[in-house]
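Below, chains carry the letters A, B, ... as their sequence lines are ordered, and counting in each starts from 1.
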2 protein chains.
Amino acid sequence: MASWIVGFTDGEGCFTVSVIRNATTRFGKQIFPEFVITQGAKSLAALRKIEKFFGCGSIVCNKRYDNHHEPLYRYCVRSVDDLAHIIIPFFSAHALQTAKRNDFAVFAKVVAMMQRKQHLTEKGRETILQLAGSMNRKKQRMQNPQRLYAEMSDTHYRMSDS
Amino acid sequence: MASWIVGFTDGEGCFTVSVIRNATTRFGKQIFPEFVITQGAKSLAALRKIEKFFGCGSIVCNKRYDNHHEPLYRYCVRSVDDLAHIIIPFFSAHALQTAKRNDFAVFAKVVAMMQRKQHLTEKGRETILQLAGSMNRKKQRMQNPQRLYAEMSDTHYRMSDS
């Protein structure tokens with residue numbers, strides 16, 4: 001199962017660090033590291049297996065269909081503790097085989113900094129923003145947080161930004 | 001490696017049966033079963049590993065970038081013999097975990113029929129066209145072969161249609 005999950009993540013997984021405006025936080029922005037795997041409704045069972053394997057995270061229905069003809073489901077792990085203690089050790093022990101491993105390395109650095117509460121200091125926050133900006137496809141989103149925000153349609157994001 | 005390949009195929013692999021107009025063939029159309037995995041240039045090494053593992057197929061550069069910022073590479077196996085003797089036995093022994101397994105089951109049927117030369121009879125050809133039409137996302141393409149054709153930009157397809 002472990003190798004299958006690595007292969008599936010190499011194909012469909014995503015390690016992202018999003019930055020979302022939130023006036024109630026110290027710096028006016030919140031940093032969200034997230035591990036996500038998206039699948040159409042027909043392959044929801046595969047996401048359930050992954051959720052069970054990791055024993056953390058949750059599956060949410062994404063209302064956007066994009067180019068698909070079925071609802072999309074996202075398995076996501078957003079808890080910094082779960083990322084630090086479950087997801088990152090797993091992918092450190094079972095190496096990704098695609099260029100996604102570069103994103104993962106940066107992602108692991110950001111999560112480690114957040115575990116040490118460095119995102120609450122100005123210097124740490126700047127370093128995290130730079131790291132996030134160096135990740136694949138993240139620059140565009142960070143430069144346009146409204147667009148990123150529009151892409152988030154599930155409850156978790158709404159809740160964390162309300 | 002086997003489980004990783006199954007996971008990666010569940011994520012990025014594609015089992016397709018394309019139908020391409022070719023006036024030089026008996027029925028004016030050629031049937032192309034194909035196993036494909038596409039990756040950006042940064043992950044070409046992963047495709048090389050798969051090519052080495054199977055010992056068949058080839059990697060071609062796809063000139064279309066789609067939404068990507070780098071050239072795309074396709075690992076493809078098109079030889080009916082290689083599909084029948086290498087690819088299909090592998091995925092029969094190592095089951096896919098997503099809905100892609102349904103496409104694979106149909107794909108395996110089509111390739112078995114082609115191995116028995118049934119695509120050269122009118123009845124066999126009709127059955128194959130029906131099977132291909134039942135595959136995920138294939139209906140649309142089959143109804144519009146020009147669009148399918150436009151999507152094929154690498155040398156192999158040009159050669160086989162010339």
Side-chain angles (χ1 to χ4, degrees), chain A residues 1-15 36-53 59 65-75 90-91 93-106 134-141 151, chain B residues 1-14 36-53 59 65-75 90-91 93-106 134-141 147 151:
Chain A
M1 186 69 178
S3 295
W4 179 83
I5 287 180
V6 177
F8 197 50
T9 301
D10 264 317
E12 294 282 283
C14 204
F15 299 93
V36 183
I37 305 181
T38 302
Q39 283 292 286
K42 276 188 299 208
S43 296
L44 179 56
L47 294 186
R48 296 259 182 249
K49 283 180 192 169
I50 296 168
E51 183 184 33
K52 192 176 170 191
F53 178 85
I59 295 170
Y65 278 45
D66 294 330
N67 295 324
H68 299 75
H69 305 290
E70 54 178 345
L72 293 177
Y73 285 85
R74 293 157 50 95
Y75 167 68
F90 174 80
F91 287 105
H94 304 86
L96 293 157
Q97 301 293 311
T98 64
K100 222 162 262 186
R101 89 177 69 168
N102 304 327
D103 278 353
F104 171 71
V106 175
S134 73
M135 291 175 82
N136 194 25
R137 296 181 57 206
K138 282 288 102 182
K139 271 183 188 165
Q140 194 181 8
R141 287 187 174 184
E151 287 175 10
Chain B
M1 186 68 179
S3 295
W4 179 83
I5 287 180
V6 176
F8 197 51
T9 301
D10 264 315
E12 293 282 281
C14 203
V36 183
I37 305 180
T38 302
Q39 283 293 287
K42 277 189 298 208
S43 296
L44 180 56
L47 294 187
R48 297 259 183 249
K49 283 179 193 168
I50 296 167
E51 183 184 33
K52 194 177 167 189
F53 179 86
I59 296 171
Y65 279 44
D66 293 330
N67 296 325
H68 297 77
H69 304 291
E70 54 179 345
L72 293 178
Y73 285 85
R74 292 157 51 95
Y75 167 68
F90 174 81
F91 288 104
H94 305 87
L96 293 157
Q97 301 294 311
T98 64
K100 220 164 267 186
R101 92 178 66 166
N102 303 329
D103 278 352
F104 170 71
V106 175
S134 74
M135 292 175 81
N136 194 24
R137 296 179 59 205
K138 283 287 101 183
K139 272 183 187 164
Q140 195 181 8
R141 286 187 175 182
R147 190 185 138 205
E151 286 176 11

| task | Decide yes or no for B:Phe8 and A:Thr9: does some side-chain heavy atom of the first lie under 4.5 Å from some side-chain heavy atom of the second? | result | no
| field | Inter-chain contacts: residues 46-53 of chain B against chain A, heavy atoms under 4.5 Å | value | B:Ala46, B:Lys49
| query | For the residue pair A:Ser3 and B:Ser3, what are the closest heavy atoms and their distance? | reply | CB-CB, 3.5 Å
| query | When rounded to the nearest 0.5 angstrom, what distance separates CG in A:Asp10 from CG in B:Asp10? | reply | 13.0 Å
| query | Hey, does the side chain of A:Thr98 reach the backbone of B:Ser43 with a donor-acceptor pair shorter than 3.5 angstrom? | reply | no
| How many angstroms lie between CH2 in B:Trp4 and CD1 in A:Ile5, if you round to the nearest 0.5 Å? | 15.0 Å
| Rounded to the nearest 0.5 Å, how far apart are NZ of A:Lys42 and NZ of B:Lys100? | 11.0 Å
